[in-house]
A.B. asks: 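The structure under discussion is supplied below as structure tokens; questions concerning it will follow.
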Amino acid sequence: MIYLDNASTTRVYDELKQIADKYYFDTYFNPSSPFNLAQNLHNDLNEAKETLAKLLNCKREEIFFTSCATESNNAIIYGAVNNNKGNIITTTSEHASVYNCFVDLKNKGQQVDFCPIDPKTGEVDYDEFIKLLNDKTKFVSIMLVNNETGAVNNIKRLVQLTREIAPKAKFHTDAVQAFTKIPIDVKDLDVDFLSFSGHKFHSPKGCGGMYIKSSCHIPPIIHGGGQEKGQRSGTENIPGIMCMAKAAEITNSNMEKNHQLYVELADYLIKEFTNNTNCIINRFNNYVPSILNIAFKGIRGEVLVHSLEAKGVYVSTGSACSSSLPKSRAVVDLKLPREYSDGVIRISFGSFNTLEEIKEASKIIIEEVNALYKAQN
Ligand code: PLP
């Protein structure tokens with residue numbers, strides 16, 4: 001098997017087995033229980049927060065654990081958007097866990113603006129963004145790295161513009177595809193909220209987190225026993241949290257090494273695909289090399305994905321006009337020529353991938369693309 005769908009989820013690090021073992025089978029207590037064995041777990045939780053806070057350059061008290069980034073995004077958006085007058089802004093290319101919250105809020109009567117993406121840069125159209133901002137704007141949510149194209153938005157600039165033109169607005173960034181891949185400093189970015197997810201960096205599924213600036217109190221969306229200082233009730237997923245903190249530490253410390261690996265793997269594929277197929281490589285000036293988005297001419301992305309699956313190569317699709325799958329907004333935003341827009345796939349790398357695997361995958365992908373092209377044209 002050659003697994004190239006790491007933007008969806010990743011294989012868990014072997015190093016985490018020991019941690020999972022400890023917290024599932026030895027110290028499996030509920031930190032809310034009154035006895036010391038359970039209470040001691042608060043020290044472990046605080047250590048995990050300290051680790052994540054250091055990586056993001058914030059205070060431990062500004063980190064809150066959730067079940068996933070979908071929950072973090074919902075908690076931040078529904079928590080931060082109030083009923084005062086004023087618009088809220090996001091982009092057309094956001095992950096569904098942000099985009100669909102804005103659609104819901106629009107249906108509930110909020111004034112919502114979806115900022116377009118510049119197809120030349122893959123980033124937010126900054127001029128259009130400026131036009132949407134005004135002194136009544138309440139909230140902005142824009143992702144740091146796009147999960148389908150790998151394009152990196154200039155969040156620092158977007159926050160600066162927001163502070164200048166819309167001083168009342170709070171700013172959230174979904175950093176799921178960025179955290180541990182590019183350096184993040186929440187102070188430097190000056191964001192108010194940020195979300196991340198453990199299973200995108202080799203930790204088990206079921207654990208995510210959010211940064212909430214200490215001066216930006218928001219009401220919780222989940223009420224209950226008051227865990228996480230009342231911000232997110234529910235018994236803490238201690239094994240998940242401890243694994244996530246360790247995985248973040250490992251992946252962050254390998255950032256430079258991983259970056260070089262992904263550049264090497266992506267460059268190899270780009271060269272091979274360009275020389276041997278008819279394709280458009282959807283890569284922009286500011287990008288993370290972990291995500292490679294390619295549009296092959298005259299084929300259907302989902303058909304290719306399944307024919308690759310039959311050969312043991314696992315990638316994702318991202319079609320703009322598929323009849324059987326929902327349209328990918330991020331791919332629609334790229335405004336590709338029609339003969340390419342159906343044939344989009346996403347290849348995404350993780351720490352376990354090797355050049356040998358990529359050479360093998362490349363051969364298989366080229367064979368399948370050319371066979372499908374012949375069969376369909
Ligand atoms: N945001 C982005 C940019 C993502 O890529 C994803 C998952 O693919 C999510 C949010 C949702 O993450 P989770 O699976 O932790 O809910």
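Each ligand, and each atom within it, is numbered from 1 in the order the structure gives.
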A.B. asks: Any side-chain to backbone donor/acceptor pair from Asp135 onto Pro167? Under 3.5 Å, distance only.
C.D. replies: no

A.B. asks: Charged N to carboxylate O below 4.0 Å: is that the case for Glu61 and Lys59?
C.D. replies: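 Looking at Lys59 together with Glu61, the answer is no, because their closest N to O distance does not fall below 4.0 Å.
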
A.B. asks: Ring centroids only, cut at 6.0 angstrom: are Tyr99 and Phe114 within range, meaning strictly under it?
C.D. replies: yes

A.B. asks: Report all side-chain donor-acceptor pairs from residues 239-246 shorter than 3.5 Å, counting only partners two or more places apart or in another chain.
C.D. replies:
none

A.B. asks: Would you be so kind as to tabulate the donor-acceptor pairs closer than 3.5 Å made by side chains of residues 286-298, with sequence neighbours excluded?
C.D. replies:
residue, atom, partner, partner atom, Å
Asn286, ND2, Glu123, OE2, 2.8
Asn293, OD1, Asn282, ND2, 2.8
Asn293, ND2, Glu148, O, 2.9

A.B. asks: Could you note down all residue pairs passing salt bridge (charged side-chain N to carboxylate O under 4.0 Å, His left out) where residues 70-89 supplies at least one of them, sequence neighbours left out?
C.D. replies: Glu71-Arg232

A.B. asks: Do any nitrogen or oxygen atoms of ligand 1 lie under 3.5 Å from a protein nitrogen or oxygen, and which ones?
C.D. replies:
residue, atom, partner, partner atom, Å
ligand 1, 1 (N), Asp174, OD1, 3.3
ligand 1, 1 (N), Asp174, OD2, 2.6
ligand 1, 5 (O), Gln177, NE2, 2.8
ligand 1, 8 (O), Lys200, NZ, 2.5
ligand 1, 14 (O), His199, NE2, 2.9
ligand 1, 15 (O), Ala69, N, 2.9
ligand 1, 15 (O), Ser197, OG, 2.6
ligand 1, 15 (O), His199, NE2, 3.4
ligand 1, 16 (O), Thr70, N, 3.0
ligand 1, 16 (O), Thr70, OG1, 2.6

